[in-house]
Undergrad: 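Let me begin by handing over the structure; questions about it come next.
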Amino acid sequence: MSEQTNNNESEYDVFAIQDRWLPVWDELKPFNSGIEGDPRPKKYVLDMFPYPSGDLHMGHAEAYALGDVISRYWTQKGFNVMHPIGWDSFGLPAENAAIKRGLDPKGWTYDNIAQQKSSMRRYACSFDWDRVLATSDPIYYRWNQWIFLEFYNKGLAYRKNSNVNWCPSCQTVLANEQVVQGLCERCDSVVTKKALTQWYFKVTEYADRLLDDLDTLEGNWPSKVLSMQRNWIGRSTGAEVSFEVEGRSEPITVYTTRPDTLFGATFMVVAADSDLAAELASMSTPEVGVAFQAYLEEVKKSNDIERLATDRKKTGIQLDAHAINPMNGERLPIWVSDYVLADYGTGAIMAVPAHDDRDYEFAKQFELPIRQVVDTGEGDPSVIGFATVGPGTLVNSGELNGLDKAAAIAKAIELLAAKGRGKAAKNFRLRDWLISRQRYWGTPFPIIHCEACGEVPVPQNELPVELPSAEGLDLKPKGTSPLGGASDWVNVKCPNCGIDAKRDTDTMDTFVDSSWYFLRFLSPNSTEHAFPKDAAKEWAPVDQYVGGVTHAILHLLYARFFTKALHDLCYIDFEEPFTRLLNQGMVQMNGSAMSKSRGNLVALSEQLDQHGVDAIRLTMSFAGPPEDDIDWADVSPAGSAKFLARAWRAANDVSSPVGVDVSSGNAELRKATHSFLRDFAPAIEGFKFNVGVAKVMELVNALRKAIDGAAGPSDSAVREAAEVVAKALSLFAPYTAEDMWAKLGHQPGVALAGLQSADESLLVETAIVAVVQVDGKLRDKFDVSVEISEDQLRELAFSSENVKRAIGDKEVANVIIRAPKLVNIATK
RNA sequence: GCCGAAGUGGCGAAAUGGCAGACGCGGAGCACUCAAAAUGCUUUUCCGAAAGGAGUGCGGGUUCAAGUCCCGCCUUCGGCACCA
């Protein structure tokens, strides 16, 4: 009808804009970071790479929108930013989907990668598309195998038999870290125990450094993640004490954090499922041996959920064995119970029921003596009915009497050391990382088992050990690896002696893949090395890592371990992989996580079709602090679209020529533009993206007002403001920003235009609003010169009718003057 | 149980110890329009007609001045949890 609606040039059409610029960017490659001789300083910004489980979802949309703000910000600031992406493409879901639908895990995986890649391009992620990788490519996992062998040769990878966590549904072992509250992290099945020989990485060798180096990340990582890591590593300090056992040549060593309470030990407890328990039981009478076996059966049947139930009664049986307390020579009966863990400390404890809750319960259950050795002021535990675990003064403890807890611990260790019966020791909650998986879709171990030679590493020139084709293999979980069925693949000659041998048929935990991928981005296609040492020096560690808090423990801990191990192998010269970390929150719907079963799933593709890419990205940035969860029901992508159209129209209204001299432009608007430039950078660098967006909105409001008001569309300050808006918006809404940039008469590439710093000379204030408070309450305001003196300000304040009324007949006690901003009059 | 974080309008949220609620959503009104949509403008913490008063989870404290600092609670969320 009207000219307006038919003229595409003056209407904001986000979908036409998307179609216009995507091919231009493909040509321009504004985010290519591999150009030889690029003089810009380097910065490495990394988003956690996705698992290709299907198309991108709302969670990805948030993560990549926020990562892009940071990456694009540093590009605008003149840095050569490396912002790569890849796929964490090995793993169970591919295999499960393949089994369910009768597909090849490979086909399923690479189809999803293609789809995600296409969605990322449409979403205008500022990735360097020349650096993509997928961990399921042989060219990638070949280097998993290489690193494994490096670790193996260093003694950091080893095989052992032990009771491992077993998921009966996934039919595979799980790392300690993958067991959540006794359940499989993937499928929520109750995890059981199984004795198996498995590969481990010796993470515990790095426990101290993994813990201590967290201090160097303080302030740059979320404190929540630091505390989760500290909790997980769980260092405790105390002593190891060895007790002689009657009728056994070897003593029993226990770990305790309270060597000061040694005189209060009245019995010992050995973990029921430990080798030691079995050995001691075999030394006991046949009756006790039978009772022990029966008890052990009971213990094995119970799972972690039952075992951890808080109101559960203590159980156990007494062996006919006795230990001798090295402090006072007392005979202590030895018990077996499941409240002592076989794989923590030494698997045996000295029980001090007076000063430990668990020992107290056990003593009560079996009517064992309770002897107080620390006076905490609460009374004698045998009388008051509970253990006193706090600090206090030692009693009934020979040479330790009268000492406080800390002094007694030191003294006890000294006494034990003198007798050769103990020493200071520490222990960790952290266990070695179990990396074997009995599944198909993962990295094969580069190891051949030979009856004559044992474990034989596959020679370097035979790497990679490629996965055999899934065709003809039974991928269904059955407790052993599907690779065992690929007989042509499994049966090989020993590289060492040449006789018939077999490949290791397990595959590596996929967390191995993601523990070093940030280094692989430096040379994703190299067949020469895992990563180049010189480029690692230039680019790594990652300056800014962005991802979900779900990886706060597992992935980050493993990547930190790899970094330290690779450092010690002299491949890199740093010890922490990620200098700064930002954890974005989750996208929810109506108060809970989105899921199909809840019926509250919001499809990203539908949101993009409805509101456009820019509006969704802007909404993600503007919703609130990035680490907070976003409830999609509470935010307004339509509002974001409205704002973008408003900004675009303002750029469209600019009528001055490109390169116009701005110095004589509208002063008020220039000031607004430069206050924006002053405030925007710290907001983005401090991850306050929502505040950054608010600042852009303020500038757009000021721009609109100037165009419609006295300045008019031809004022040079209007152009200056519109260009700054376009550049700032390129962080959040790249399509709209690029189109504004074109409307303003520039060549494509607003992302590289460079966001200037504020001109401080425009920000000098001459007038200011002074506020007058009476007893801390605002009573009046004045426009004053910034040079106003205290006396003038005081006079002004007391001449105000509002102030006079507020003071009334009260006596003025004190007047605080902070010229030129504030006067506070305190009355009596 | 231990450790940690957070509580601000109808909603998402701002606020180096110095004007609480920037910016936005939603609401109300006005302009443009035959009308609507779109757009632009005004208004919007609560109580009160107004003057004014109250107000950042609760109770204390420090300070001329506290959302902000200190002490004690409450609630919510997260992590760890039979780890000796």
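These numbers come from a predicted model, not from an experiment. No hydrogens, no waters, no symmetry mates; every other heavy atom, side chains included, goes into these values.
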Undergrad: Out of B:rC25, B:rC82, B:rG12, which nucleotide sits closest to the side chain of A:Lys642?
TA: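 The closest nucleotide is B:rC25.
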Undergrad: Can you pull the side-chain hydrogen bond (donor to acceptor under 3.5 Å, both in side chains) pairs that have at least one residue in residues 615-628 of chain A, sequence neighbours excluded?
TA: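 Counting only pairs at least two positions apart or across chains, the side-chain hydrogen bond (donor to acceptor under 3.5 Å, both in side chains) contacts touching residues 615-628 of chain A are A:Asp68-A:Arg617, A:Thr619-A:Ser640.
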Undergrad: So for atom NZ, which belongs to A:Lys671, do other residues, nucleotides or ligands contribute more than 12 heavy atoms lying within a distance under 6.0 Å?
TA: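 It does: A:Lys671 NZ has more than 12 such atoms within range.
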Undergrad: For A:Ser236, enumerate each residue passing the side chain to side chain contact (heavy atoms under 4.5 Å, CB included) test, keeping only those at least two apart in sequence or located in another chain.
TA: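 If we apply the side chain to side chain contact (heavy atoms under 4.5 Å, CB included) test to A:Ser236, skipping adjacent residues, the hits are A:Tyr255, A:Thr257, A:Tyr344, A:Asn427.
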Undergrad: Using whole Å, what does the distance between atom P of nucleotide B:rG21 and atom CG of A:Asn690 come to?
TA: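 In whole Å, B:rG21 P lies 18 Å from A:Asn690 CG.
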Undergrad: Whether the A:Arg429 and A:Asn231 side chains hold a donor-acceptor pair (N or O, under 3.5 Å, no angle test) is what I'd like checked.
TA: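 Result is no, nothing qualifies.
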Undergrad: Expressed as a whole number of angstroms, how long is the span from A:Ile707:CD1 to B:rG40:C1'?
TA: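 Interatomic distance, CD1 of A:Ile707 to C1' of B:rG40: 13 Å.
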Undergrad: What is the distance, to the nearest angstrom, from the CG atom on A:Asp629 to the P atom on B:rC11?
TA: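 From A:Asp629 CG to B:rC11 P: 18 Å.
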Undergrad: Out of the candidates A:Thr261, A:Ile370, A:Ile349, only one should pair with A:Asp359 under the side chain to side chain contact (heavy atoms under 4.5 Å, CB included) rule; please name it.
TA: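 For A:Asp359, the side chain to side chain contact (heavy atoms under 4.5 Å, CB included) test succeeds with only one of A:Thr261, A:Ile370, A:Ile349, which is A:Ile349.
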Undergrad: Of all the nucleotides listed (B:rA84, B:rA15, B:rC19), which has the minimum atom distance to the side chain of A:Val691?
TA: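 Nearest listed nucleotide: B:rA15.
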Undergrad: Using nucleotides 58-65 of chain B, report all nitrogen or oxygen pairs with the protein that are shorter than 3.5 Å.
TA:
residue	atom	partner	partner atom	Å
B:rC64	O2'	A:Asn824	ND2	3.3
B:rC64	O2	A:Asn824	ND2	2.8
B:rA65	O4'	A:Asn824	ND2	3.3

Undergrad: May I have the distance from A:Gln229 (atom CD) to B:rG79 (atom C1'), rounded to whole angstrom?
TA: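 Taking CD of A:Gln229 and C1' of B:rG79, I get 12 Å after rounding.
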Undergrad: Looking at A:Asp338 and A:Lys314, is there a salt bridge between them, counting it only when a charged N and a carboxylate O are closer than 4.0 Å?
TA: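 No salt bridge links A:Lys314 with A:Asp338.
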Undergrad: Quick one: which of B:rU16, B:rC80, B:rG40 gets closest to the side chain of A:Lys821?
TA: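 The answer is B:rU16.
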Undergrad: So which nucleotide does B:rA37 pair with, by the Watson-Crick or G-U wobble rule with both distances under 3.5 Å?
TA: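 Per the H-bond distance test, none.
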Undergrad: Looking only at the side chain of A:Ser236 (C-beta and beyond, no hydrogens), which of the listed nucleotides B:rC19, B:rC41, B:rA84 gets closest?
TA: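 Nearest to the side chain of A:Ser236 among the choices is B:rA84.
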Undergrad: Is it the case that more than 12 heavy atoms not belonging to A:Gln607 sit under 6.0 Å from its CD atom?
TA: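 Enclosed: over 12 neighbouring heavy atoms sit under 6.0 Å from CD of A:Gln607.
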Undergrad: Considering only B:rA15, B:rA13, B:rU16, which nucleotide approaches the side chain of A:Pro625 most closely?
TA: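 For the A:Pro625 side chain, the nearest candidate turns out to be B:rA13.
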Undergrad: Check the distance between B:rG24's C1' and A:Ile630's CD1 and give it to me in whole angstrom.
TA: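 Distance, rounded to whole Å: 14 Å.
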Undergrad: Quick test: give all pairs of protein nitrogen or oxygen and nucleotides 51-57 of chain B nitrogen or oxygen below 3.5 Å, distance rounded to 0.1 Å.
TA:
residue	atom	partner	partner atom	Å
B:rG52	OP1	A:Arg805	NH2	2.8
B:rG53	OP2	A:Arg779	NH1	3.3

Undergrad: Atom CH2 of A:Trp648 and atom P of B:rU39: how far apart are they, to the nearest Å?
TA: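 Interatomic distance, CH2 of A:Trp648 to P of B:rU39: 13 Å.
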Undergrad: Measuring from the side chain of A:Thr257 (C-beta onward, heavy atoms only), which nucleotide among B:rA14, B:rA84, B:rU16 has the closest atom?
TA: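 Of B:rA14, B:rA84, B:rU16, B:rA84 is nearest to the side chain of A:Thr257.
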Undergrad: Residues of residues 680-689 of chain A with any non-hydrogen atom less than 4.0 angstrom from an atom of RNA chain B: list those, numerically ordered, please.
TA: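 Within residues 680-689 of chain A, the residues near RNA chain B are A:Lys688.
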Undergrad: Looking only at the side chain of A:Asp356 (C-beta and beyond, no hydrogens), which of the listed nucleotides B:rC80, B:rG12, B:rA84 gets closest?
TA: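 Out of B:rC80, B:rG12, B:rA84, the nucleotide with an atom closest to A:Asp356's side chain is B:rA84.
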Undergrad: Take atom CG of A:Asp634 and atom P of B:rG12, then tell me their distance rounded to the nearest Å.
TA: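 In whole Å, B:rG12 P and A:Asp634 CG are 6 Å from each other.
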Undergrad: Pairing check on B:rA6: which nucleotide meets the Watson-Crick or G-U wobble criteria with it, both distances under 3.5 Å?
TA: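 Partner of B:rA6: B:rU75.
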Undergrad: Using the C1' atom as the reference point in each nucleotide, state the distance between B:rC11 and B:rU45 in Å, no decimals.
TA: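 These two C1' atoms come out 13 Å apart once rounded.
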Undergrad: Heavy atoms from C-beta onward define the side chain here; which of B:rG79, B:rG78, B:rA84 lies closest to that of A:Tyr255?
TA: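 Nearest listed nucleotide: B:rA84.
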Undergrad: Decide yes or no, distance alone: a donor-acceptor N/O pair under 3.5 angstrom between the base of B:rC82 and the side-chain of A:Lys314.
TA: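 By the distance-only test, yes, there is a pair.
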Undergrad: Looking only at atom types and distance, does a side-chain atom of A:Asn583 sit under 3.5 Å from a main-chain N or O of A:Gly547, one as donor and one as acceptor?
TA: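 Answer holds: yes.
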Undergrad: Return the nearest nucleotide to the side chain of A:Thr256; candidates are B:rC80, B:rA84, B:rG40.
TA: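 Side chain of A:Thr256 sits closest to B:rA84.
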Undergrad: Between B:rG18, B:rC23, B:rC80, which one does the side chain of A:Arg429 approach most closely?
TA: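 Nucleotide nearest to A:Arg429's side chain: B:rC80.
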Undergrad: For atom NZ of A:Lys705, decide whether the heavy atoms of other residues, nucleotides or ligands shown that lie under 6.0 angstrom number more than 12.
TA: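 Open: at most 12 neighbouring heavy atoms sit under 6.0 Å from NZ of A:Lys705.
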Undergrad: Nearest whole angstrom, please: distance from the P of B:rC23 to the CG of A:Asn701.
TA: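 My rounded result for the distance is 7 Å.
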Undergrad: Testing A:Leu217, A:Leu557, A:Leu211 for side chain to side chain contact (heavy atoms under 4.5 Å, CB included) with A:Gln229, which one passes?
TA: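 Going through the options one by one, the only one that passes is A:Leu557.
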Undergrad: Is the gap between the ring centers of A:Phe362 and A:Phe267 under 6.0 Å?
TA: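 Yes, the ring centres sit under 6.0 Å apart.
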Undergrad: Mind listing the side-chain donor-acceptor pairs of residues 677-688 of chain A below 3.5 Å, one per line with the distance, residues two or more places apart or on another chain?
TA:
residue	atom	partner	partner atom	Å
A:Glu685	OE2	A:Tyr73	OH	2.5

Undergrad: For the side chain to side chain contact (heavy atoms under 4.5 Å, CB included) test, which of A:Leu644, A:Leu618, A:Val725 pairs with A:Thr736?
TA: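 Passing option: A:Leu644.
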Undergrad: With a 4.0 Å cutoff (strictly under), does any side-chain N or O of A:Arg230 reach OP1 or OP2 of B:rG4?
TA: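 Looking at the OP1 and OP2 atoms of B:rG4, neither is under 4.0 Å from any side-chain N or O of A:Arg230.
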Undergrad: Hey, is B:rG9 sitting syn or anti, using the within-90° cutoff around 0?
TA: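 The base of B:rG9 is oriented syn (glycosidic angle within 90° of 0).
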Undergrad: Which base sits across from B:rA20 as a Watson-Crick or G-U pair, both distances under 3.5 Å?
TA: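 Its partner: none found.
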